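This report refers to the structure that appears directly beneath it.
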Amino acid sequence: MKSLKLLFISIFFITVSSLHAQVSVNVNIGTPPAWGPVGYTDVRYYYLPDLEMYYDINASSYIYISNGKWTRARSLPRNYRNYDLYNEYKVVLTNYRGDSPYDNYKTHKVKYGKGYKGKPQKTIGLKPGKGNNKEYKNNGNGHGNGNGNGKGHGKH
């Protein structure tokens with residue numbers, strides 16, 4: 001009887017701990033885009049001053065004004081499709097936890113006007129294409145400017 005009681009208590013604790021693990025998995029945030037700034041793993045939104053819009057990391061969507069209303073979309077509006085997000089400055093909203101970052105739009109628009117540049121930012125990934133972004137002249141991955149003479153003499 002004592003061992004049966006011990007078995008039920010063990011099953012109870014295993015069940016409770018697995019439920020806790022399930023909740024932890026569901027709380028994780030989305031994956032930041034490659035053009036996002038390095039060093040911010042616990043944020044949900046970026047404000048893009050030059051475009052006067054937001055990016056929601058969890059939903060992988062842009063939030064912008066269209067016809068007087070805030071709109072969410074998976075891609076940039078047509079007039080910004082060729083905009084270089086790798087070189088755009090991103091204001092990381094570290095102190096906002098809600099679902100409507102645009103509630104603070106008037107403040108953000110004034111504080112971070114078009115052309116705003118804060119501290120230098122490095123992006124999470126390299127800009128696609130041969131140019132790469134200017135913040136990554138040499139990031140230690142062999143894609144830097146290089147200053148070797150290109151004449152290898154080792155055995156292959």
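Just so it is clear, the structure is predicted and the values come from calculations on it, not from any experiment.
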Transitive ILVMFWY cluster of Val110, excluding itself - 4.5 Å side-chain cut-off: none
Say whether [X] and [Y] are linked into one hydrophobic cluster, either directly or through other cluster members, by side-chain heavy-atom distances under 4.5 angstrom.
{"X": "Leu93", "Y": "Val38", "answer": "no"}
{"X": "Tyr45", "Y": "Tyr105", "answer": "yes"}
{"X": "Val91", "Y": "Ile124", "answer": "no"}
{"X": "Tyr46", "Y": "Leu51", "answer": "yes"}
{"X": "Ile57", "Y": "Val92", "answer": "yes"}

With a 4.5 Å heavy-atom cut-off, do [X] and [Y] have their side chains touching?
{"X": "Pro37", "Y": "Tyr89", "answer": "no"}
{"X": "Lys90", "Y": "Leu48", "answer": "yes"}
{"X": "Pro33", "Y": "Leu85", "answer": "no"}

More than 12 heavy atoms of other groups within 6.0 Å of Arg97 CZ: yes
Within 6.0 angstrom of Asn82 CG, more than 12 heavy atoms from elsewhere: no
Which pair of non-hydrogen atoms, one from [X] and one from [Y], has the smallest distance, and what is that distance?
{"X": "Gly113", "Y": "Pro49", "result": "O-CB, 3.6 Å"}
{"X": "Gly30", "Y": "Asn58", "result": "N-OD1, 3.0 Å"}
{"X": "Arg74", "Y": "Ala59", "result": "NH1-O, 2.6 Å"}

For [X], all residues meeting ring-ring contact (aromatic ring centres under 6.0 Å, His included), sequence neighbours excluded:
{"X": "Tyr55", "answer": "Trp35, Tyr62"}
{"X": "Tyr102", "answer": "Trp70"}
{"X": "Tyr112", "answer": "Tyr116"}

Residue pairs involving residues 54-71 (criterion salt bridge (Lys or Arg N to Asp or Glu O under 4.0 Å); sequence neighbours excluded): Arg44-Asp56, Asp56-Arg72
With Lys114 via side-chain contact (heavy atoms from CB on, under 4.5 Å) - residues at least two apart: Asp50, Glu52
Short side-chain to backbone donor-acceptor contact, Glu88 and Tyr83, under 3.5 Å: no
Residues forming a side chain to side chain donor-acceptor pair (under 3.5 Å) with Ser75, sequence neighbours excluded: Arg81
